[in-house]
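Since the structure is predicted, the reported quantities are computational estimates derived from the model, not experimental observations. Both ligands and their constituent atoms are indexed starting at 1 by order of listing.
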Amino acid sequence: MLDQLQPQPADALLALIKLYEADERPDTIDLGVGVYRTNTGETPVFAAIKAAEQRLVDTQVSKAYLGPEGDMGFVEALAPWIFGADSTMGGRLRGMQTPGGTGAVRLAAALAARSGATRVHMGTPSWPNHQQIFADLGLESALFAHATDTGKADVEAILGAIGQAGASEAVLLHACCHNPTGIDYTPEDWARIAEALAASPALPIIDLAYHGLGHGMEEDAAGMRAVLAAVPQALIAYSCDKNFGLYRDRVGALYFMAGEPGLLDTIASNANALARASWSMPPDHGAAAVRLVLADKELTDRWQEELSAMRARMRRVRDRLAAADSAAPGLNLAAIGRGNGLFAMLPLVKPQIEELRREHGIYMAGSGRINIAGLTEDNTPKFVAALAEVAGARG
Ligand code: LMR
């Protein structure tokens, strides 16, 4: 039976990790997968998480099973940061832990499919795994352009998609720090999107994977909250991979918002059944560490300081690239200065991306996406010079 399987290509983004590691040149630059790096190129464990992990080791008395919903203390402690002071939205919201943000997106899509969804409207480019997850669950993707040529989010395109979306359809939204473009909707755009969704029968699925990496915890959630205030139902997929630096520990949550408590019970029972059939229950360790951070003011403050430092560094990298705009004509580095979060897109074609890898040891996704946190004060001049060279070669 297994002979029937066809070989599949390795995930292009994850394959970059291995390609980069195999390159022994001394001055390689990794702008591939989305992990934060310091100005000296490290991805350290947050000090707040280290302290919480130590407490966990010292105080945890059992590792017995919890259940498909995971650590509900974690889910509830996180909610006010995401949804604000009224963290159950007047009793209309509930959540559960998932294995990372990917698990949350997967569960959201599976819930939508179980509810009869057939299509998801999504801006493109998007995180490649979005479409892959939807396709795996038999959901069609209806694509529209996320951004305009001038480097702004194309709000008319999403309003058009929402206007067309029917009752068995969902609309995917990136809450902040759009992956891969770094181009987010403005508060005015969000108000219009919320209004359009309020008048639409489509279900919003909101992916919040970079909370706090844009402008701040409140600012980054504001657009999503405007949508939630306007619509009757929504699914919110959350990731702690980046904002707590827990990548490989796989810490995420899915929240569901719906009108009545009875319906919330039904949604939760379906989400639990889907989780049980997929991963049974999520890994505990990272979520327990987040719960301990959020339960302790000193650790919470330390976490927020660490997150602010990341945010400030990413702004500096963006400013540095924008300032180099004239050194690499035609690539619109200036626009990168206005983006948010870890990512930006460069208008490069495949041969240029390959040349950057081959000749300069610079690794980025095949789409032209760069992880700006891979750039440091030391390596930025080399990066800009290499860009100028390959872009010049094109001209
Ligand atoms: C990325 O887009 O680089 C990250 O979200 C990591 C991943 O799982 O793809």
Cation-pi check, Arg291 onto Phe74 ring (under 6.0 Å, within 45° of axis)
no
Taking only Lys NZ, Arg NE, NH1 and NH2, and the carboxylate oxygens of Asp or Glu, determine whether [X] and [Y] approach each other closer than 4.0 Å.
X: Arg94; Y: Glu76; answer: no
X: Arg248; Y: Asp241; answer: no
X: Glu298; Y: Arg302; answer: yes

Would you mind checking which non-hydrogen protein atom is closest to atom 7 (C) of ligand 1, with the distance to 0.1 Å?
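Looking at atom 7 (C) of ligand 1, the protein heavy atom closest to it is Trp127 NE1, 3.6 Å.
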Can you tell me which residue and heavy atom of the protein come closest to atom 3 (O) of ligand 1, and the distance to 0.1 Å?
Gly34 N, 2.7 Å
Out of all atoms in ligand 1, which are within 4.0 Å of some heavy atom of [X]? Include the element for each.
X: Tyr210; result: 4 (C), 5 (O)
X: Leu13; result: 1 (C), 2 (O), 3 (O), 9 (O)
X: Arg369; result: 1 (C), 2 (O), 3 (O)
X: Lys242; result: 4 (C), 5 (O), 6 (C)
X: Val33; result: 3 (O), 6 (C)

Once the angle between the rings of Trp303 and Phe244 is folded into 0 to 90°, is it parallel (under 30°), tilted (30 to 60°) or perpendicular (over 60°)?
parallel
Measure the shortest side-chain to side-chain distance between Leu299 and Arg55 over non-hydrogen atoms and say whether it is less than 4.5 angstrom.
yes
Please name all residues satisfying ring-ring contact (aromatic ring centres under 6.0 Å, His included) with Phe383, sequence neighbours left out, ordered by chain then number.
none
Given that the side chain starts at C-beta and the backbone is N, CA, C, O, which of these parts of Thr102 lies under 4.0 Å from ligand 1, counting heavy atoms, or is it both or neither?
neither
Give a yes/no verdict on whether any heavy atom in Asn179 is under 4.0 Å from an atom of ligand 1.
yes
